[in-house]
Amino acid sequence: MTKNLLKKKPLNKDILVKLDKNEIEEIISKYPSNRKSSAVLPLLHLVQKKAGGWLPVHEMERVANILEMSYMRVFEIASFYTMFNIQPVGKYLLQVCKTTPCWLRGADDIQKCIKDNLDLDNGKTSKDGIFTLMEVECLGACVNAPILQINDDYYEDLDYKSTKDLLDKLKKKH
Amino acid sequence: MIKLVVDNLNVEVPEGSTVLQACEEAGIEIPRFCYHEKLSVAGNCRMCLVELENSPKPIASCAMPASSGMVIKTNSSMVKDARKGVMEFLLINHPLDCPICDQGGECDLQDQAMFFGKGSSRYNDAKRAVSDKNMGPLIKTTMTRCIHCTRCVRFANEVAGVENFGAVGRGENVEITTYLEKAVVSELSGNLVDLCPVGALTSKPYSFLARPWELTKTETIDVMDAVGCNIRVDSRDGKVLRVLPRINEDINEEWISDKSRYAIDGLSKQRLDVPYVKVKNKLLPSSWNDAFKNINAKLSNISSNQVAAIIGDQADTESIFALKKLFEKIDSKKIAINQHNYNFLKGNRSNYIFNSHINGIEKCDSILFVGINPRLTAPIINARIRKNYLNRDIQIASISSEKFDLTYDYNFLGNNIDVLNDIHDQKNEFGKSFNKSNFPMIIIGDEALKDSQSRNIQSICIEILTKANAFRKDWNGFNIMHNSSSIVGSYDLLNNYSSISHFEINNQCKTGEIKFLFLLGVDENLYKDYKDTFIVYQGHHGDAGAQRANVILPGSAYTEKSASFINLEGRLQTTERAVFPPGDAKEDWAIIRAMSEFLGKKIKYDSLNELRDQMNKEVFEKIMFREGSFNKKPLKGKFEKLNSSHLIGSGRNQYMTCPISRSSNTMAECLKNQER
């Protein structure tokens with residue numbers, strides 16, 4: 001039934017301003033040519049990284065055009081996976097693991113520290129647009145709990161003080 | 001065949017069936033929400049759980065393929081508990097606002113909660129609420145009621161071919177919505193309302209009008225296009241409140257177009273309910289007697305070759321037949337078969353019908369459109385073509401005035417009709433592969449039919465099909481796609497009687513050669529500058545035709561009479577009366593019968609059945625029921641190379657094609673929505 005379902009809409013000839021064409025080709029070439037839409041997840045990851053950590057609508061539409069999918073299908077995928085942000089996020093995306101091991105080892109302290117220093121609640125972005133806080137489920141590094149993920153990096157074995165040092169460093173860097 | 005046991009009954013089902021289909025074969029109804037025969041299997045509502053012997057967990061019967069030796073139980077305590085559990089979860093976030101919900105009384109969730117639910121709730125927490133979405137002028141949304149069966153999403157993507165429908169978010173936050181919440185623009189969007197098993201998507205024009213048990217249900221036929229969809233008309237207190245599709249696998253499956261469904265509010269506006277007579281350039285309400293007296297006065301002064309008639313788009317076969325009988329008595333042969341300037345080849349019945357049949361589309365592997373936008377002319381047939389396109393390899397090409405969005409990919413061969421020469425000589429790629437296909441189809445439509453080379457186009461198409469061996473015992477690839485419900489019936493009845501075209505009648509009215517013109521529901525293509533022509537309009541709406549008339553005879557619309565129509569395949573179907581015509585209006589055949597008596601040229605039928613018997617004997621038995629009348633090869637005319645000429649669009653819009661849809665507010669809103 002779904003054989004031709006995704007075959008739709010001609011390729012948008014817009015030149016990709018932020019993206020490297022070869023990189024896109026390389027990702028797409030990993031999948032069978034008649035299953036082009038399989039490349040949607042890696043491509044969205046790539047676009048999200050280049051677009052500052054989140055996916056604006058026009059970027060999703062661009063991905064849909066590249067993969068000859070309908071806009072809605074890409075939007076559904078982007079909205080389903082929590083690792084894609086369809087709302088803007090700050091320069092540093094702070095992801096606190098709140099699953100049991102991290103929580104037992106003091107995830108609440110990390111969150112309190114962030115609240116004290118940056119005045120951030122879950123899901124909120126600081127006024128200057130630099131920090132965003134998100135509570136997440138298991139980050140898979142329980143051996144060094146508690147974990148705070150900042151963009152692509154894991155910071156392990158944290159407590160209130162080390163978190164504060166970390167945040168200060170990031171603030172200064174900016 | 002697969003053999004399995006369902007509730008101690010032995011069942012045999014074909015290879016590839018699901019457990020649910022096997023249960024249905026055994027006559028057991030399995031409750032379901034997400035499963036729908038015409039859509040892909042989703043398996044997400046879990047209501048169809050059944051017990052499979054030796055399986056530790058219940059299985060979702062809609063998604064589980066049946067295999068031989070399975071032992072299924074649908075009535076065990078495990079199944080009953082599973083259903084209760086699923087129902088409890090479904091109702092957690094359902095508002096239970098049945099008393100103010102339009103779906104109440106015909107709601108799958110309501111019914112199944114009664115049959116399979118627990119009867120009481122254990123849930124004391126807050127329910128989730130979802131904001132309503134704007135889905136255009138036809139669909140009213142109450143998204144809090146949605147149970148995420150995704151039937152609507154699958155219908156929009158698979159059948160309607162509009163891919164802006166989807167489920168956004170995850171888990172508890174899933175919402176069904178359109179892309180960026182834009183309104184749905186689809187000619188089949190009304191079917192979303194039927195598919196929704198709860199009250200999340202309901203009909204906007206019908207909202208809060210009636211409860212299903214108050215309605216009188218009449219099974220009848222739709223006449224908004226030439227497809228002849230099977231419909232059910234629901235009425236109350238003499239007013240048609242809504243139209244729903246009936247299942248007919250050969251014609252419309254389960255779908256009908258938005259125009260068929262929602263143009264009905266036009267049935268109660270602009271109606272002609274008494275006869276009118278023009279006195280001093282002003283139309284005044286009158287009586288049947290006066291109206292006939294006026295007609296008689298005019299007719300007795302002129303000779304028979306000054307009398308003419310034109311058949312409109314929604315005329316039924318009975319009234320056409322009665323009119324033909326009257327004209328035989330008057331001794332005039334000037335009846336134009338339709339109100340459009342279409343030129344057909346003289347030939348047999350295969351020359352003007354859709355020979356491959358609508359369900360034949362599912363067999364075909366190659367389609368060529370010549371001057372047609374099937375999505376506009378016959379949305380239901382277009383959906384059938386899309387279904388075939390999704391299921392198998394099929395090549396589709398089109399020669400038309402512009403590249404239309406048909407919801408599937410096709411090869412646009414331009415708007416110059418001389419491409420047909422190349423296809424005929426197999427000079428282009430499509431011509432070569434078309435010739436090799438097993439079940440080729442050519443569909444000719446109005447843009448080609450009104451072209452000056454129309455007959456030549458039809459001839460060359462027949463020639464192309466002959467070369468491709470498309471006229472066989474099991475296949476006939478020549479198809480005309482008509483856009484009005486009367487036209488095939490009109491051809492069947494009048495083809496051997498008159499040969500004058502609408503165009504010629506118009507011209508003769510201009511020169512004054514025709515003094516008396518009878519319009520049977522004709523509202524389009526009338527010339528402005530008639531010279532002293534007395535016009536009688538018989539029809540149900542005060543549209544363009546009635547404004548021109550000297551005498552108006554109020555007829556009845558398709559919901560108000562039992563009348564036969566022949567659809568584009570040549571299939572004879574009969575409407576039933578759902579409500580009575582307004583005021584003094586009468587059934588159309590009866591008006592002509594009464595008029596004939598008044599004119600002293602009485603046609604001899606006193607009842608509808610007598611007329612039908614005679615019509616069957618005289619016409620239909622010869623062309624429909626006689627052996628060998630099916631799959632005749634259409635006759636081709638003199639064959640010439642086509643000259644280069646560009647097809648011109650029909651200029652029709654899909655929502656306003658007849659007096660009923662032109663009077664409809666809902667259709668006007670649809671048009672606005674589409675333009676936006």
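Below, chain A is the first sequence line, B the second, and so on; all start at residue 1.
A heavy-atom distance below 4.5 Å is not found between the side chains of A:M72 and B:T178.
A donor-acceptor pair under 3.5 Å is absent between the side-chain atoms of A:E76 and the main chain of B:V168, judged by distance alone.
B:G169 and A:S79 make their closest contact through N-OG, 2.9 Å (heavy atoms, listed as atom of the first residue, atom of the second, distance). When all heavy atoms of B:E163 and A:S70 are compared, the closest pair comes out as OE1-CB, 3.1 Å.
No more than 12 heavy atoms of other residues, nucleotides or ligands lie within 6.0 Å of NZ in A:K164, so this atom counts as exposed by the packing criterion. Other residues, nucleotides and ligands contribute over 12 non-hydrogen atoms within 6.0 Å of the CD atom of B:E402. Within 6.0 Å of atom NZ in A:K171, more than 12 heavy atoms from other residues, nucleotides or ligands are found, so the atom counts as buried in its surroundings. Annotation: A:K124, atom NZ; neighbour count of heavy atoms from other residues, nucleotides and ligands within 6.0 Å does not exceed 12. Within 6.0 Å of the CZ atom in A:R105, the count of heavy atoms belonging to other residues, nucleotides or ligands does not exceed 12. No more than 12 heavy atoms of other residues, nucleotides or ligands lie within 6.0 Å of NZ in A:K112, so this atom counts as exposed by the packing criterion.
Contacts of B:V153 with chain A are made by side-chain atoms alone, with heavy-atom separations under 4.5 Å and no backbone atom involved.
Aromatic ring pairs are classed by plane angle as parallel below 30°, tilted from 30° to 60° and perpendicular above 60°; the pair B:Y179 and A:F75 is perpendicular.
Atom OH of A:Y81 is separated from atom CZ of B:R170 by 7.5 Å, given to the nearest 0.5 angstrom.
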